[in-house]
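Written out below as structure tokens is the structure these notes cover.
Values below: all heavy atoms of this structure, side chains included; hydrogens, waters and symmetry mates excluded. Letters A, B, ... are given to chains in the order of the sequence lines, protein chains preceding strands, and every chain is numbered from 1. This one's a predicted model, so the numbers in the text were calculated from it and none came from an experiment.
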4 protein chains.
Amino acid sequence: MVSDKVARKMELKKARVLEAAIALFAENGYEATTMADIAKKAEVGFGTVATYFGSKEELFYTCVVQPFQPLIVELKDFNVSPTSYPKEIEAMIRKHIFLFNAQDVYLQLLVQVIGQYEKFPVIFAEINKQTNELQQRLIELIVNGQNEQQLSEGEPLIIAISYISLLFGLCLSSVGNFPKDMLEQFATRAIYLFGVK
Amino acid sequence: MVSDKVARKMELKKARVLEAAIALFAENGYEATTMADIAKKAEVGFGTVATYFGSKEELFYTCVVQPFQPLIVELKDFNVSPTSYPKEIEAMIRKHIFLFNAQDVYLQLLVQVIGQYEKFPVIFAEINKQTNELQQRLIELIVNGQNEQQLSEGEPLIIAISYISLLFGLCLSSVGNFPKDMLEQFATRAIYLFGVK
Amino acid sequence: MVSDKVARKMELKKARVLEAAIALFAENGYEATTMADIAKKAEVGFGTVATYFGSKEELFYTCVVQPFQPLIVELKDFNVSPTSYPKEIEAMIRKHIFLFNAQDVYLQLLVQVIGQYEKFPVIFAEINKQTNELQQRLIELIVNGQNEQQLSEGEPLIIAISYISLLFGLCLSSVGNFPKDMLEQFATRAIYLFGVK
Amino acid sequence: MVSDKVARKMELKKARVLEAAIALFAENGYEATTMADIAKKAEVGFGTVATYFGSKEELFYTCVVQPFQPLIVELKDFNVSPTSYPKEIEAMIRKHIFLFNAQDVYLQLLVQVIGQYEKFPVIFAEINKQTNELQQRLIELIVNGQNEQQLSEGEPLIIAISYISLLFGLCLSSVGNFPKDMLEQFATRAIYLFGVK
DNA sequence: CATGAATGAGCCTTCATTCAT
DNA sequence: AATGAATGAAGGCTCATTCAT
């Protein structure tokens, strides 16, 4: 019989461990991060980490996969047949860029997994599947925009990949994070990729 | 007194070790790659790796820094005040993209270092310095193009960063490498970032 | 929160490890003794040794320095202005020789450190400081004895060094340990060094 | 066919290697001294050391045993039935002490072997055999002196062991070596052990 | 003969995991 | 449930030895 109070405490601790783990995995990578480091940063005993998450591998899995769900939902949240394509695309890009910037620590981690997909095949597959859905949705948007003649010609797949690459590429470059006004400018510039007239 | 024959042989072995190391570091990351793995792949005794490169850390340094020099030289090899900016930029982008694609294994490694710059501060500083020079040269090109009114308005720094980010971002995406015709298309699309009229 | 029972158990194990380490270091020297040997002799996992003492170097330090404190206290425990100098000196020597004999394993270790002082500078400095205090105390005793004309002439420093050298020299010779009656005889003989009339 | 010139050169090199080895073994001990260190100090290629002396163990054996022969001969060179025992003993002790002091590096090495006899059983046996002969000769001297009533009573074995221990003990203490006048004083003091009247 | 490139056995150390409290 | 003492697998590195030149 576990009281709500205790359960609440547990959840808080678990969240603290997860946050610490994400930060350390992002900064140092999988192997260079020790369970003891994580426990210390989360201010729990290191046995506790094992109790909550099982093995280190499972913890890493959770670190990468769990925050990805809400993120991808946000990223996919745009209208694929808006009235004004330029306006919708601009809004989408701005949203994306600010999202990426807000989650920079997590994205540093994500970039590692993507950059070493052979090392994390299971996790990568999961990530990739979802990212492909985002890609599909982008293609849909582009195709519609081109059909409506609000966007200039160009292979939609190429545009979608280029755009996603630009987003992740900006993550790589964002040493010390960009100030807000620069983010705005990146957004404005990225629109060009879509062939907005 | 070392004969030329022996020296030649050594050079060959050294190159073989380096190639193996780059491939394994790129695929698995620094920690997950063992000296034994490298030696095995290079078909030498693992003591030999130590004899050639000292420590694992030094080997990694060499793996990242040594191939970077010729690469960055190639990347910086474009005319900053051409007659036709659109043509020069298109040629440059095509060159860049094909270079990146040809060196995909090495670039996977490079992306790791950039993505975890806190973990490899010395190497990153070296890389970053050179990359900044490339960025400066790009800015020069863009400023000139804008002055000549062959390129539309836009903050040159933002454009340069966006472009470099796109290049590295494409590296991240290039799982299993793109076919040649897709590379051409990426090049064509990337031009848009520069505001070519 | 560690229970007393656990803490007790740990102390016992720690003592067992230390004893094993002293014996093996004494017999084989620092480098020739492996952490695995020590763990095996102490009947613990070899990770445990590291948990308790950190590194091999720290363990060695503890092995040499920790038992030295009580020993030197005992060695310095004599009266520097007794009524009868011959009697006090005889008692002191007997005590010293029996102490050395009782701690023969530890002293074999100590002799190594002294004999290779360049190799163990920090430990040696610590040992040397204390030994010098013993030497000073011996000199005090001798000077007093000479002033009281109970001891014959002779440079006190020379006598003190000779005596200490004799003690350590006997350690070197004591292969398989001397029987008790021989120890008595050594004590009787060593008195001569002090110029007892 | 090896010319004398070449043979001479070899002998010189060999001697240089041996000297370097003794110095390094004495300072750092057997394991902590590497073949490469020795080769470097002797200014020869490290393959050469192996060519000359075979294995490291054989080299160590040579380092300890070879210089011992002439040393022990010198140490045993005293008259066991002199006219004046006090004079003979004084001369002997002075000779011994100056010999020990002159060969301090080698003796540091010797002390290691004696102090860790279990580790070097073969070498120790050899050393011990010869040292016992010295001890026997000392006993002979003492017995004769006592019979002639030039030396006071006392178990000759005890005296001999004490004296040899003192000699080796002084080696241990001689950090930075004693000045000549102190050596004289040690000699004068050591005479007391023999019960010179 | 003299050399040093090549090698792999063996060691210290780190660290994920287990389990008793 | 939470903890950390205990453990041993695994990796980097050192270094004696071998052997081709």
(request) Determine which pairs satisfy side-chain hydrogen bond (donor to acceptor under 3.5 Å, both in side chains) with at least one residue from residues 44-53 of chain B, sequence neighbours left out, and list them in order. (result) none
(request) Give the dot-bracket string for DNA chain E, reading 5' to 3', where a pair is Watson-Crick or G-U wobble with both distances under 3.5 Å, ( ) marks pairs inside the strand, [ ] marks pairs crossing earlier ones, | marks a partner on another strand, and . marks unpaired. (result) .||||||||||||||||||||
(request) Report the distance from atom NZ of A:Lys40 to atom P of F:dA2, rounded to the nearest whole Å. (result) 22 Å
(request) Name all residues meeting the side chain to side chain donor-acceptor pair (under 3.5 Å) criterion together with A:Asp104; count only those two or more places apart in sequence or in a different chain, and write none if there are none. (result) A:Asn177
(message) Show every salt bridge (charged side-chain N to carboxylate O under 4.0 Å, His left out) that has at least one partner inside residues 13-22 of chain B, sequence neighbours left out.
(response) none
(message) The criterion is side chain to side chain donor-acceptor pair (under 3.5 Å); which residues satisfy it with A:Glu58, sequence neighbours excluded?
(response) A:Ser55
(request) Could you check how far CG of D:Asn28 sits from P of F:dC15, rounded to whole Å? (result) 11 Å
(request) Taking salt bridge (Lys or Arg N to Asp or Glu O under 4.0 Å) as the test, write out the residues that go with B:Glu31, two or more places apart. (result) B:Lys119
(request) Between protein and nucleotides 8-13 of chain F, map the contacts as a letter string: B base, S sugar-phosphate only, - none, heavy atoms under 4.0 Å, written 5' to 3'. (result) BBBSSB
(request) Tell me which nucleotide among F:dA2, F:dA5, E:dA6 gets nearest to the side chain of B:Met10. (result) E:dA6
(request) Could you tell me which residues satisfy side chain to side chain donor-acceptor pair (under 3.5 Å) with D:Glu126, sequence neighbours excluded, listed by chain and number? (result) D:Tyr61
(message) Without decimals, in angstroms, what is the distance between D:Glu58 CD and F:dA16 P?
(response) 14 Å
(request) Could you check how far CG of C:Asp37 sits from P of E:dG10, rounded to whole Å? (result) 13 Å
(request) Take the protein atom CD of D:Glu43 and the nucleotide atom C1' of E:dA2, then report the distance between them rounded to whole Å. (result) 16 Å
(message) Within the 4.0 Å heavy-atom criterion, would you say B:Phe53 contacts the bases, only the backbone, or no part of the nucleic acid?
(response) nothing
(message) With a 4.0 Å cutoff (strictly under), does any side-chain N or O of B:Tyr52 reach OP1 or OP2 of E:dA6?
(response) yes
(message) Restricting to side chain to side chain donor-acceptor pair (under 3.5 Å), what partner residues turn up for B:Tyr30, sequence neighbours left out?
(response) none
(message) I'd like to know if the side chain of A:Glu27 and the backbone of B:Gln116 have a donor-acceptor N/O pair within less than 3.5 Å.
(response) no
(request) Using atom CZ of D:Phe60 as one end and atom C1' of F:dC15 as the other, report the distance to the nearest whole Å. (result) 17 Å
(request) Would you check if the distance from the ring center of C:Phe60 to the ring center of C:Phe53 is below 6.0 Å? (result) no
(request) Assign D:Lys13 to base, sugar-phosphate, or nothing according to its heavy-atom contacts below 4.0 angstrom with the strands shown. (result) sugar-phosphate
